[in-house]
Amino acid sequence: MKTTLRIEEIAQFALGVLFFSWLDYAWYWFPLLLLLPDIGMLGYVFGPKTGALTYNLLHHKAVATAFILLGMMLLGDFYTLVGVIMFAHASMDRVFGYGLKYQDSFKHTHLGTIGKK
């Protein structure tokens, strides 16, 4: 099952790359911005509850999808870009086993415990 989920996340990452290709931004922006959603980890400075909230907010695909749709329909390319980067980043993280966080520990994710096989 883990292999199937990884393949699904790789396909979603590819979809993020495709979405980015439709935007009018130079390609160098994609790798430069791809790790930006990890800024959500700064919330862990204030404890695991706040950290999980900020991390999950920037790694949730529904939030990313909302940015993409709002950007496409109302707000413009910048908001679409934000959503595409969030979506691609979340998919990339999940390929490597980094899921949405529970409030008790950074390592406790919806995909299991980070570092545990």
Side-chain angles (χ1 to χ4, degrees):
M1 183 53 83
K2 283 187 178 188
T3 301
T4 301
L5 291 174
R6 279 199 172 109
I7 292 169
E8 182 179 48
E9 294 298 340
I10 290 168
Q12 289 179 35
F13 179 79
L15 185 62
V17 172
L18 177 65
F19 287 163
F20 182 84
S21 75
W22 292 339
L23 297 171
D24 195 27
Y25 290 94
W27 273 102
Y28 65 83
W29 283 112
F30 188 78
L32 286 175
L33 297 174
L34 191 58
L35 296 179
L36 196 58
D38 279 339
I39 199 164
M41 286 190 284
L42 290 175
Y44 281 94
V45 169
F46 302 102
K49 196 171 189 176
T50 302
L53 177 70
T54 58
Y55 183 92
N56 290 344
L57 185 64
L58 295 177
H59 288 78
H60 201 290
K61 289 184 184 177
V63 174
T65 301
F67 267 93
I68 292 169
L69 293 174
L70 286 170
M72 290 171 65
M73 293 189 290
L74 299 170
L75 303 174
D77 278 356
F78 176 77
Y79 290 91
T80 306
L81 173 67
V82 169
V84 167
I85 294 298
M86 288 172 62
F87 187 88
H89 176 89
S91 295
M92 179 185 69
D93 269 6
R94 291 177 190 160
V95 166
F96 296 108
Y98 299 106
L100 297 174
K101 309 299 182 196
Y102 286 101
Q103 296 180 353
D104 61 340
S105 167
F106 179 79
K107 290 187 173 192
H108 188 195
T109 78
H110 83 286
L111 297 175
T113 303
I114 295 172
K116 201 175 188 183
K117 292 216 175 205

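The two residues Ile85 and Leu33 have their closest heavy-atom pair at CG2-O, 3.2 Å. In this structure, Phe13 and Ser91 approach most closely via the heavy-atom pair N-CB, 3.6 Å. When all heavy atoms of Gly16 and Ala88 are compared, the pair lying nearest together is CA-CB, 4.3 Å. Taking all atoms of both residues into account, the shortest heavy-atom contact from Leu34 to Met92 is CD2-SD, 3.7 Å.
Within the structure, no pair that satisfies the side-chain hydrogen bond (donor to acceptor under 3.5 Å, both in side chains) test touches residues 15-37, not counting sequence neighbours. Residue pairs meeting the salt bridge (Lys or Arg N to Asp or Glu O under 4.0 Å) criterion with at least one member in residues 43-71, sequence neighbours excluded: Glu9-Lys61. A salt bridge (Lys or Arg N to Asp or Glu O under 4.0 Å) check over residues 32-43, counting only residues at least two apart or in different chains, returns nothing.
Listed for the His59 side chain is a donor-acceptor partner under 3.5 Å among the backbone atoms of Tyr55.
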Worked verdict on Leu58 versus Ile39 for side chain to side chain contact (heavy atoms under 4.5 Å, CB included): CA-CA 8 Å; Leu58 295 177; Ile39 199 164; 3.7 Å; yes
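Connection of Leu5 to Ile7 is not established within any shared hydrophobic cluster, with ILVMFWY side chains joined at heavy-atom distances below 4.5 Å, either directly or through further cluster members. Connection of Phe46 to Tyr44 is not established within any shared hydrophobic cluster, with ILVMFWY side chains joined at heavy-atom distances below 4.5 Å, either directly or through further cluster members.
Not counting sequence neighbours, His60 has no partner by the ring pair (Phe, Tyr, Trp, His ring centres under 6.0 Å) test. Scanning for side chain to side chain contact (heavy atoms under 4.5 Å, CB included) contacts around Leu15 gives Leu18, Phe19, Phe87, with sequence neighbours left out.
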Cut-off 3.5 Å, no hydrogens considered: what does the side-chain donor-acceptor table look like for residues 68-83, sequence neighbours left out?
unit_1: Thr80; atom_1: OG1; unit_2: Met72; atom_2: N; d: 3.2
unit_1: Thr80; atom_1: OG1; unit_2: Gly76; atom_2: O; d: 3.3

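Residue Leu53 belongs to no hydrophobic cluster, having no ILVMFWY side-chain heavy atom closer than 4.5 Å to its own.
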